[in-house]
Protein chains: 2
Amino acid sequence: MTASAAQTSPRKRTGNGAARRIDADEIRLDALVGHAGYAVRRFQIWIFQDFIKTLGDVDIRPTQYSVLTVIGANPGLSQMAVAKRLGIERARLVHLLDSLEQRKLVKRIKSKTDRRSHALHLTAQGETALAKFKRLAVEHERHVEEKIGKANRERLLQILGGFT
Amino acid sequence: MTASAAQTSPRKRTGNGAARRIDADEIRLDALVGHAGYAVRRFQIWIFQDFIKTLGDVDIRPTQYSVLTVIGANPGLSQMAVAKRLGIERARLVHLLDSLEQRKLVKRIKSKTDRRSHALHLTAQGETALAKFKRLAVEHERHVEEKIGKANRERLLQILGGFT
DNA sequence: TGGCAATTGTTGTCGTCAACAACAATCTTC
DNA sequence: GAAGATTGTTGTTGACGACAACAATTGCCA
């Protein structure tokens, strides 16, 4: 495997095509190290994977969690309001709600004041389920702390607070 | 519990269906404000959109930029090595390289030492193009600074440095 | 008051992206 | 030399963002 790296062969023969074995941690990222977007992307992938795994038993993904949380904290919102608040396409929210409604976590109630819109509510089952989701989400947040440190997580939330 | 706290809505009592009009900045995010993942996701969306817009004239997306940068800094890498280093599926990298090769920015050279793999190189055209991309990327990074502040950007890079 | 523009939910398409699975060609290892 | 692993490729699935079009309904205003 990495044994060939031990020999004193030329560092890199890039003249034609061939090249020696290169360890993954030996590859230079060059300009990428100075780009916030790259670090943020990698971090977001990690954090979402941990969230999905931690909430794997209850089969809830980050976007679903955000929808349930906002509806739980603001009963009666319209789909448009939820979509706008969370930065989700209202077309996409339709499918998300279809799924959550099938699972009896959310119900769409026809609004009396505006017959175009639906008032979104958690079901009783949805309330208790969300409580469990939140406990698992807190556990996920602990994983984040373990990964980047408590102080760094706090600082991160503070820096990015304006994007909520 | 935190779940019952969500019910204490002072103004708007929406027992059944109807609801009054609600301003977007009046909707409570509840538990989401304490989740790093939510803030990071929103920030990542913003940062990618700015990157795509800033590099819009040259039609280069963040992932393409990262591939070009790594190849440029490490000529002769195999597709597997690039994929592993950037956290991209090797199946996905195939399409990315197809596109970049069609645009004459990258070339796949058959490796002499391992006839399964390709040695990846920038074309001469790719070299000069990447130089321009990097200038635009620096401009994008300035936008990030303007958005969150110079010191905060530095700290962000420092906090997330382990994910590169 | 009547008509027209705007809004809401819905359906559909398109493109990006992560996650898998399967495959042929080619090493590697025993 | 045979068995197993690796590399590039093709394909599928599903989550997701961005648009466009549509019917029903509301709001506006002339």
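In what follows, chains carry the letters A, B, and so on, assigned in the order in which the sequence lines appear, proteins first and then strands, with residues in each chain numbered from 1. As a basis for the values below, the full set of heavy atoms in this structure was taken, side chains included, without hydrogen atoms, waters or symmetry mates.
- Rounding to whole angstrom units, CD of residue A/Gln79 and P of C/dT11 are separated by 10 Å.
- In this structure, the CG atom of B/Leu93 is 12 Å from the P atom of C/dC17, given to the nearest Å.
- Atom-to-atom, CD1 of A/Ile88 to C1' of D/dA15 comes out at 12 Å; the value is rounded to the nearest Å.
- Between the CZ atom of A/Phe51 and the C1' atom of C/dA18 there is a distance of 17 Å, rounded to whole Å.
- Rounded to whole Å, atom P of D/dG17 lies 17 Å from atom CD1 of B/Ile47.
- Nucleic acid contact class of A/Arg115 (heavy atoms, under 4.0 Å, all strands): sugar-phosphate only.
- Between A/Asp114 and A/Pro62, the residue whose closest nucleotide on DNA chain D is further toward the 5' end is A/Pro62.
- Comparing A/Gln49 and A/Asp98 by the nucleotide of DNA chain C whose heavy atom lies nearest to each, the residue mapping closer to the 5' end is A/Asp98.
- We find that NZ of B/Lys110 is positioned 14 Å from P of D/dG8, with the value rounded to whole Å.
- When each of B/Arg92, B/Gln64, B/His118, B/Arg108 is checked for a side chain to side chain contact (heavy atoms under 4.5 Å, CB included) with B/Leu97, only B/Arg108 meets the rule.
- As a whole-Å value, the separation of A/Ile52 CD1 from C/dA18 P is 12 Å.
- Taking 3.5 Å as the limit, the base of D/dG8 and the side chain of B/Arg90 contain a donor-acceptor pair of atoms between them.
- Each of A/Phe48 and A/Arg116 has a nearest nucleotide on DNA chain D; the 5'-most of these lies closest to A/Phe48.
- If you check every strand for non-hydrogen atoms under 4.0 Å, B/Glu89 touches a base.
- The distance from atom CZ of A/Arg108 to atom C1' of D/dA24 is 16 Å, rounded to the nearest whole Å.
- Note on B/Leu130: it clusters hydrophobically with A/Leu29, by side-chain heavy-atom contacts below 4.5 Å among ILVMFWY residues.
- The side-chain heavy atoms of A/Gln158 and A/Arg155, taken from C-beta on, include a pair separated by under 4.5 Å.
- In this structure, A/Ser117 does not reach the D/dT25 phosphate: none of its side-chain N or O atoms is under 4.0 Å from OP1 or OP2.
- Remark: aromatic rings of A/Phe163 and B/Phe43 are close, center separation under 6.0 Å.
- If you find the closest nucleotide of DNA chain C to A/Arg41 and to A/His95, the one lying nearer the 5' end belongs to A/His95.
- Under a hydrophobic clustering in which Ile, Leu, Val, Met, Phe, Trp and Tyr are joined whenever their side-chain heavy atoms come within less than 4.5 Å, directly or via other members, A/Val67 and A/Val70 fall into the same cluster.
- Using a 4.0 Å heavy-atom distance criterion, A/Ile45 is classed as a sugar-phosphate-only contact.
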